[in-house]
K.L.:
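Right, I'll just put the structure down here and ask away after.
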Amino acid sequence: MFTVVSCNSSSNDQLSNQIDSLKSQVNTAYVPGTGEIMNGIIQPHHYKLWLAGQQKNWTLAEYERHQLLGGFKRIEKYHKGTPEAAAVPMIYPEITAIEIAISQKDAAAFKNHFVMLTNTCNTCHQATKYKFNVITIPSSPTFGNQRF
């Protein structure tokens with residue numbers, strides 16, 4: 001049995017128009033800048049991760065670690081080919097070490113690796129010419145509307 005498929009000019013034009021429309025939508029879609037990702041995702045989850053770890057709320061700490069990781073993944077996804085995206089992998093070993101500390105409920109290891117994570121953030125900022133943006137270990141809780 002044979003099936004004959006025929007493409008007429010009208011259906012080709014319609015398909016081409018749909019493709020062009022989709023390309024236009026992709027090209028004009030909103031993409032958050034690295035600063036927006038850093039300030040809106042990474043920095044608050046870095047802060048909350050610290051607070052959760054200090055209170056030994058390991059479930060919340062793991063959630064915040066995962067959210068922090070998601071911010072870095074977004075930089076790699078949306079800003080491929082930039083120095084910022086190229087530098088992101090330097091952070092992954094400390095995020096993994098924190099994950100292990102959380103899973104083992106090891107407060108000392110958590111604190112040590114959080115300090116290393118923060119230092120790595122600053123090393124990345126220096127490498128990508130953002131050395132003016134210095135990240136520190138949180139010194140006081142500012143999320144007064146959440147229990148850690």
Side-chain angles (χ1 to χ4, degrees), residues 5 7 11-148:
V5 177
C7 294
S11 64
N12 283 343
D13 289 343
Q14 186 178 17
L15 183 58
S16 180
N17 289 340
Q18 288 176 329
I19 291 170
D20 289 343
S21 174
L22 289 172
K23 283 181 182 178
S24 176
Q25 289 176 38
V26 167
N27 290 336
T28 60
Y30 171 75
V31 175
T34 56
E36 289 175 275
I37 295 169
M38 286 290 182
N39 293 328
I41 298 172
I42 293 171
Q43 190 171 9
H45 291 294
H46 173 268
Y47 199 109
K48 289 176 152 193
L49 173 60
W50 173 254
L51 295 175
Q54 291 307 290
Q55 295 300 314
K56 298 181 177 115
N57 184 341
W58 302 118
T59 303
L60 180 58
E62 175 52 24
Y63 173 80
E64 295 299 343
R65 185 205 64 83
H66 184 75
Q67 296 302 306
L68 180 66
L69 177 63
F72 289 113
K73 295 291 186 185
R74 283 176 178 87
I75 289 174
E76 287 184 304
K77 177 181 179 178
Y78 296 125
H79 299 283
K80 289 178 185 166
T82 66
E84 294 83 2
V88 163
M90 75 171 58
I91 206 80
Y92 293 145
E94 287 308 322
I95 289 179
T96 299
I98 288 172
E99 179 181 25
I100 293 166
I102 291 169
S103 71
Q104 296 175 348
K105 299 179 177 163
D106 185 339
F110 174 87
K111 183 176 182 177
N112 178 54
H113 289 292
F114 190 89
V115 169
M116 294 297 294
L117 172 76
T118 303
N119 290 340
T120 304
C121 289
N122 291 317
T123 298
C124 182
H125 291 171
Q126 290 177 4
T128 56
K129 300 190 179 16
Y130 293 96
K131 61 184 170 186
F132 56 87
N133 193 344
V134 179
I135 304 303
T136 63
I137 304 298
S139 58
S140 63
T142 60
F143 291 94
N145 63 344
Q146 183 175 356
R147 182 175 54 218
F148 290 92

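These values consider heavy atoms only, across backbone and side chains, with no hydrogens, waters or symmetry-generated copies. If you're wondering where the values come from, they're calculated on a predicted model, not measured in any experiment.
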K.L.:
What is the distance from atom OG1 of Thr118 to atom CD1 of Ile137, rounded to the nearest 0.5 Å?
P.N.:
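Between atom OG1 of Thr118 and atom CD1 of Ile137 there are 3.5 Å.
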K.L.:
By the side-chain hydrogen bond (donor to acceptor under 3.5 Å, both in side chains) test, which pairs, at least two apart or in different chains, include something from residues 67-77?
P.N.:
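Listed once each, the pairs are Glu76-Tyr92.
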K.L.:
Suppose the criterion is salt bridge (charged side-chain N to carboxylate O under 4.0 Å, His left out): which pairs have a residue in residues 109-134, not counting sequence neighbours?
P.N.:
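Those involving residues 109-134 do not exist here.
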K.L.:
Would Leu49 and Phe110 count as a side chain to side chain contact (heavy atoms under 4.5 Å, CB included) here? Give the steps.
P.N.:
CA-CA 10 Å; Leu49 173 60; Phe110 174 87; 3.8 Å; yes
K.L.:
To the nearest 0.5 angstrom, please state how far the CD atom of Glu64 sits from the NE2 atom of His45.
P.N.:
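With rounding to 0.5 Å, CD (Glu64) is 5.5 Å from NE2 (His45).
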K.L.:
Please set out all donor-acceptor pairs under 3.5 angstrom arising from side-chain atoms of residues 81-91, sequence neighbours excluded.
P.N.:
| from | atom 1 | to | atom 2 | distance (Å) |
| --- | --- | --- | --- | --- |
| Thr82 | OG1 | His79 | O | 2.7 |
| Thr82 | OG1 | Glu84 | OE1 | 3.4 |
| Thr82 | OG1 | Ala85 | N | 3.1 |
| Glu84 | OE2 | Tyr130 | OH | 3.0 |

K.L.:
Under a 4.5 Å cut-off applied to non-hydrogen side-chain atoms, are Asn17 and Gln14 in contact?
P.N.:
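In short, these two side chains do not touch, never coming nearer than 4.5 Å.
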K.L.:
Return the CG to CD1 distance between Leu69 and Ile42, rounded to the nearest 0.5 Å.
P.N.:
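One finds 9.5 Å between CG of Leu69 and CD1 of Ile42.
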K.L.:
Pairs in or reaching into residues 91-104: which pass salt bridge (charged side-chain N to carboxylate O under 4.0 Å, His left out), with residues at least two apart or in two chains?
P.N.:
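For residues 91-104: Arg65-Glu99.
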K.L.:
Calculate, to the nearest 0.5 Å, the distance between atoms CD1 and NE2 belonging to Ile102 and His113 respectively.
P.N.:
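If I round to the nearest 0.5 Å, the distance is 11.0 Å.
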K.L.:
Restricting to ring pair (Phe, Tyr, Trp, His ring centres under 6.0 Å), what partner residues turn up for His125, sequence neighbours left out?
P.N.:
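In terms of ring pair (Phe, Tyr, Trp, His ring centres under 6.0 Å), with neighbours along the sequence ignored, His125 is linked to no residue.
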K.L.:
Taking ring pair (Phe, Tyr, Trp, His ring centres under 6.0 Å) as the test, write out the residues that go with Phe72, two or more places apart.
P.N.:
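Residues passing ring pair (Phe, Tyr, Trp, His ring centres under 6.0 Å) with Phe72: none at all.
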